[in-house]
Amino acid sequence: MPPDFSGIPAERLAALIVRAPKAELHVHIEGTLEPELAFEIGRRNGIVLPYDSPESLRQAFAFTDLQSFLDVYYAAAAVLRTEDDFHDLTWAYLQRAHADNVVRAEIFFDPQTHTARGVPFETVVGGMSRAIGRAREELGISAALIMCFLRHLTEREAFETLERAEPFREHLLGVGLDSGERGNPPEKFARVFDRCRRLGLHAVAHAGEEGPPASITAALDALGAERVDHGVRCLEDQSVVARMVRERIPLTVCPLSNVKLRVFDTLAHHTLPKLLAAGLRASVHSDDPAYFGGYVNENLRQSFACLPLMAADAYTLLRNSLESSFQPAAEQARNIERLDELFENWGR
Ligand code: ADE
Ligand code: ZN
């Protein structure tokens with residue numbers, strides 16, 4: 001039974017959303033690299049970024065589409081070299097997530113961005129895993145890693161990456177697919193994902209961000225995706241919507257990202273209310289928060305400020321985030337209980 005929201009005054013909803021336990025299911029660790037940290041890490045590694053200062057890097061954050069963003073994002077990631085760099089990046093993110101009351105974070109990383117520069121796979125995973133262990137101890141936050149394949153690269157390169165990853169299998173929760181969607185359909189990676197699923201890895205994929213609804217269908221059928229990242233373009237095909245509702249496929253929606261990358265003109269044009277009205281299992285996340293203007297609470301705050309969303313929608317989005325995570329059922333249930341208690345008591 002969902003809690004009774006009737007006692008929650010609209011003006012107190014924003015504070016409730018901030019306080020609520022939530023899961024972050026769509027965040028790229030490289031996209032949490034704040035310009036100040038990029039410069040600090042660059043300095044200690046003797047790597048000069050093609051920008052004068054953190055401010056001038058920030059000024060380059062005027063994107064026209066996904067690719068214009070990816071060009072800056074891959075350039076900034078070049079400062080990351082040592083295990084400490086990956087630890088510091090992940091630790092900084094997990095502290096921010098904790099401040100937003102994220103209780104579970106399933107974090108994407110792009111190993112190929114780093115191994116292509118000669119950084120060993122174990123350096124990347126070692127640093128991130130150390131930060132995740134520290135965050136569990138010191139902050140009580142649960143986090144895990146999802147390894148993404150870059151879809152603009154080849155199937156062979158994806159297989160090579162998987163081979164490098166196999167000795168670190170216990171550090172990985174699942175695999176994902178990201179980078180430029182246009183011209184790189186999910187089918188290209190069907191055999192790679194097949195092998196990943198046989199290794200017991202969860203499968204997710206970016207689809208329906210810039211690509212058409214058929215790309216979502218392909219992510220489900222060719223890759224066995226258990227969650228669709230973005231997926232907002234599903235609304236262009238009612239048969240895809242019907243299937244996602246029927247199969248309860250989670251959609252990890254990133255409103256500020258969609259505006260920055262021009263999927264929607266403004267936040268007021270975002271279709272999040274329509275996704276919820278259609279009965280889709282949507283939740284709100286941050287994608288690349290250092291580049292798009294905010295972490296998960298800021299995505300929620302601005303969405304509720306600009307869109308016709310109510311307390312019941314807040315509950316649905318937060319609950320969907322917790323339920324769509326790959327956490328064991330008992331931990332999920334505990335988090336949902338905490339969410340219910342907070343909503344029950346907030347208006348009283
Ligand atoms: N990598 C980082 N952010 C991404 C996004 N929004 N879409 C595809 N690939 C990405
Ligand atoms: Zn993403």
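What's counted below: heavy atoms across the whole structure, side chains too, no hydrogens, waters or symmetry copies. Whatever order the structure lists them in is the order used to number ligands and atoms, beginning at 1.
Side-chain contact of Ser68 with Tyr73: a donor-acceptor pair under 3.5 Å is absent, judged by distance alone.
Side-chain contact between Arg117 and Arg81: present, with at least one pair of heavy atoms (C-beta onward) separated by less than 4.5 Å.
For the pair Ser257 and ligand 1, the shortest N or O to N or O distance does not fall below 3.5 Å. Close N/O approach between Ser179 and ligand 1 is found [any backbone or side-chain N/O within under 3.5 Å].
Among all non-hydrogen protein atoms, the one lying nearest atom 1 (N) of ligand 1 is His28 CE1, 3.5 Å. With respect to atom 6 (N) of ligand 1, the closest heavy atom belonging to the protein is Asp287 OD2, 2.7 Å. Among all protein heavy atoms, the one lying closest to atom 3 (N) of ligand 1 is Asp288 OD2, 2.6 Å.
Residue Leu66 touches ligand 1 through its side chain alone, judged by heavy-atom distances below 4.0 Å. For Phe69, every heavy-atom contact with ligand 1 shorter than 4.0 Å involves the side chain, none the backbone. With a heavy-atom cut-off of 4.0 Å, Glu209 touches ligand 1 through its side chain alone.
Checked options His202, Gln327, Arg227; the residue passing with Glu106 is Arg227 (criterion: side-chain hydrogen bond (donor to acceptor under 3.5 Å, both in side chains)). Looking at Thr32, Leu25, Leu94, Leu173 one by one, the single match for side chain to side chain contact (heavy atoms under 4.5 Å, CB included) with Ile107 turns out to be Leu94.
The distance between the ring centers of Tyr51 and Phe39 does not fall below 6.0 angstrom.
Distance check: Ile249 CD1 to Arg243 CZ gives 6.5 Å after rounding to the nearest 0.5 Å. Ser321 contributes atom OG, which lies 6.0 Å from atom NE2 of His285 (distance to the nearest 0.5 angstrom).
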Does the side chain to side chain donor-acceptor pair (under 3.5 Å) test come out yes or no for Asp287 and Ser257, once each step is laid out?
CA-CA 7 Å; Asp287 208 7; Ser257 163; 2.8 Å; yes
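The closest approach between Glu181 and ligand 1 stays at or above 4.0 Å for every heavy atom of the residue.
Sequence neighbours left out, the pairs with a member in residues 104-123 that pass ring-ring contact (aromatic ring centres under 6.0 Å, His included) are His26-Phe108, His28-Phe108, Phe86-His114, Phe108-His206, Phe121-Phe168.
Tyr93 and Tyr295 have parallel rings, their planes meeting at less than 30° on a 0 to 90° scale where 60° marks the start of perpendicular. By the 30° and 60° cut-offs, the orientation of the rings of Phe61 relative to Tyr291 is tilted.
Around the Zn ion (ligand 2), the protein contributes the following N, O or S atoms under 2.8 Å, ordered by chain and number: His26 NE2, His28 NE2, His206 NE2, Asp287 OD1.
Close approach to His230 involves these atoms of ligand 1, each under 4.0 Å from a residue heavy atom: 6 (N).
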